[in-house]
Amino acid sequence: MHRILIYGLAAFGWASGLGAQAVPARDLWEFPLGAMYEPPALASEPGAGLWNPATIALRSGERFRFGVASLAAGSAQGVDGQLLSAAMRRSSGTTFGLSVARAGISGLVRTDTDPLAVGNIPYATWLVSVSGARELVPHLTVGAAVRWRHGRADQVTGDALAADFGAVLHDLPWRNARVALSSFLWRPGREIEDRPALLTAADFRLAGTMVEREVRAGVAYANVNRGAQEVGPFVSARRDRVEARVAHLRTEVAGQSVDRLRFGLALYYARFSVGVAREEGVSGLGAVYQFTLSSIIK
C-alpha cells in the first residue's frame, strides 16, 4: 500500500507543476457516469473506482472484476458517456484498477451569419485512471488514483493530470454502517481552473442481517469547487437477486436550486450484475438513463 501512496504523492507534485490553463469540457464530469445507481463516493458496480479509488478494492477470494457503463440523456443535445474498467487483486491484498471513460455532446451545431447549421461543434472529454486500493486496518479501505484527462471544445484542446485520494469505512459494528470520502479531478494549485469535487456518502442497515437481504438508508453529498452542490437522501432494498434504489437530490448552483429523483434497479445472477437507472432531467436536457454491467471472477 505504501507504493500506492507514493505514486499518488508523485502525481500530486507532477500535476501541481502543469500549466494553469483550464482543460475544456470539465462540466461533462458533473454527470454521474457509472454512479447513477449508487452514490458516487460509494459506487462500485462497474468496478472502476472512477469517483472514489477506494471502491475498487476486491474482497478476499475475488481475483478480477470487469465493468462497463453507458449513459445517455434523452434530449436533442446528444449527451452521452461510456466507461470501461478492470480491477485485479494481488496476493498481497492490494487491488489495482484501470478505467477509460468518455463523455461528449454531439448535438452542438455550428452556424454562420444565418441560423442554418454548417456543421457540428466537437465537445468531448476523455479520462484515463490508474488506481490502487487496500484495506489498511479492519473496516478501513483507502485508495489513490492518477488520472489523465483530455478535453476538446471546438478547436480548443487541453490535457491535465490529476491525483485523487479516497477512503471507505465499511462493515462498522453499528448497523453495518459505511462512510466514504474522496476527491475527484484534483490538480493541486489549480483548483480555480479545474474545479475539483469533494464527494462524501454514508449509509446504514435499516433492516436485514445480510447483504443479500437488507434495507439501507443514507445520504450523499457532492461539492464541485466554484460549481454545483448536490445533496440528498437515498434508500435501497435488496432481496436475493434483485435490488432497487431511489434517491431524492437537490442541486444548487449560482443561487438556483433544483430537486429531482434518481432511481434504479439491479439484477444479480451468478457472478454478473446488471443495472439500469434513470434521473429526472434538468436544464432542458431531458431524462438521463444509465446501463451498467459488471462481472467478478474468483
Side-chain angles (χ1 to χ4, degrees), residues 32-52 54-72 83-89 93 95 97 99 133 135 138-141 168-180 201-220 232-249 261-280 287-298:
L33 176 61
M36 187 180 296
Y37 179 71
E38 303 171 281
L42 286 168
S44 61
E45 267 317 304
L50 179 65
W51 303 95
N52 182 350
T55 62
I56 70 164
L58 294 172
R59 297 181 179 272
S60 177
E62 299 174 345
R63 296 180 58 201
F64 301 96
R65 179 166 54 194
F66 302 94
V68 296
S70 177
L71 178 147
L83 168 68
L84 295 173
S85 66
M88 177 184 68
R89 179 184 169 100
T95 301
S99 68
E135 186 175 38
H139 308 299
L140 174 61
T141 298
V168 179
L169 282 169
H170 53 87
D171 302 311
L172 297 178
W174 185 80
R175 292 196 172 275
N176 196 243
R178 299 183 299 174
V179 180
D203 70 351
F204 63 94
R205 181 177 286 160
L206 280 176
T209 58
M210 62 182 67
V211 173
E212 291 77 12
R213 292 194 177 188
E214 66 175 0
V215 178
R216 303 185 69 90
V219 62
F234 62 89
V235 177
S236 66
R238 178 172 175 179
R239 183 173 178 83
D240 298 327
R241 297 178 179 178
V242 180
E243 182 178 24
R245 187 183 301 263
V246 62
H248 178 271
L249 303 171
L261 288 177
R262 180 182 296 170
F263 53 90
L265 188 69
L267 175 65
Y268 302 90
Y269 182 77
R271 63 177 186 270
F272 295 96
S273 172
V274 180
V276 291
R278 183 183 190 273
E279 177 182 302
E280 298 298 327
V288 180
Y289 298 89
Q290 177 180 269
F291 168 82
T292 61
L293 171 65
S294 62
S295 176
I296 292 178
I297 300 177
K298 296 182 178 182

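Residue indices begin at 1 and follow the sequence shown. Every value quoted in this text rests on a predicted model; they were computed, and no experiment measured them.
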How would you list, by chain and number, every residue that makes a side chain to side chain contact (heavy atoms under 4.5 Å, CB included) with Phe234, sequence neighbours excluded?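 Side chain to side chain contact (heavy atoms under 4.5 Å, CB included) list for Phe234, sorted by chain: Pro39, Asp203, Ala220, Arg245, Ala247.
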Excluding sequence neighbours, so at least two apart, what forms side chain to side chain contact (heavy atoms under 4.5 Å, CB included) with Ala244?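 Ala244 satisfies side chain to side chain contact (heavy atoms under 4.5 Å, CB included) with Leu265 only.
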Judged by modelled atom types alone, do [X] and [Y] share a side-chain donor-acceptor pair under 3.5 Å?
| X | Y | value |
| --- | --- | --- |
| Tyr37 | Gln290 | no |
| Glu45 | Ser294 | yes |
| Arg241 | Tyr268 | no |

In the structure I gave you, are the side-chain heavy atoms of [X] and [Y] within less than 4.5 Å of one another anywhere?
| X | Y | value |
| --- | --- | --- |
| Arg178 | Phe204 | no |
| Val288 | Met36 | yes |
| Arg216 | Asn176 | yes |
| Val68 | Leu83 | no |
| Arg65 | Pro46 | no |
| Val274 | Phe291 | yes |

Which residues pass the side chain to side chain donor-acceptor pair (under 3.5 Å) test with Thr141, not counting sequence neighbours?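 Per chain and number, Thr141 pairs via side chain to side chain donor-acceptor pair (under 3.5 Å) with His170.
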Nearest-0.5 Å distance that lies between atom [atom1] in [X] and atom [atom2] in [Y]:
| X | Y | atom1 | atom2 | result |
| --- | --- | --- | --- | --- |
| Leu71 | Leu33 | CG | CG | 6.0 Å |
| Leu84 | Ser99 | CG | OG | 9.0 Å |
| Leu249 | Glu279 | CG | CD | 6.5 Å |
| Leu42 | Thr55 | CG | OG1 | 8.0 Å |

To check you understand the geometry: which heavy-atom pair defines the closest contact between [X] and [Y], and what is its length?
| X | Y | answer |
| --- | --- | --- |
| Asn52 | Ala41 | ND2-O, 2.9 Å |
| Ile56 | Ala133 | CG1-CB, 3.7 Å |
| Val168 | Ala180 | CG2-CB, 4.0 Å |

Counting N and O atoms only, with roles assigned by atom type, does the side chain of [X] sit under 3.5 Å from a partner on the main chain of [Y], one being a donor and the other an acceptor?
| X | Y | result |
| --- | --- | --- |
| His139 | Asp171 | yes |
| Glu38 | Ser44 | yes |
| Arg89 | Arg63 | no |
| Ser295 | Phe66 | no |
| Thr292 | Ala69 | no |

Test: Glu243 and Arg238 ion pair at under 4.0 Å: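 Salt bridge flag = no for Arg238 with Glu243.
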Ion pair present between Arg205 and Glu214, side-chain N to carboxylate O less than 4.0 angstrom?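 Yes, Arg205 and Glu214 are salt-bridged.
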Passes side-chain contact (heavy atoms from CB on, under 4.5 Å), Arg262 versus Val246? Steps please. CA-CA 6 Å; Arg262 180 182 296 170; Val246 62; over 6 Å; no
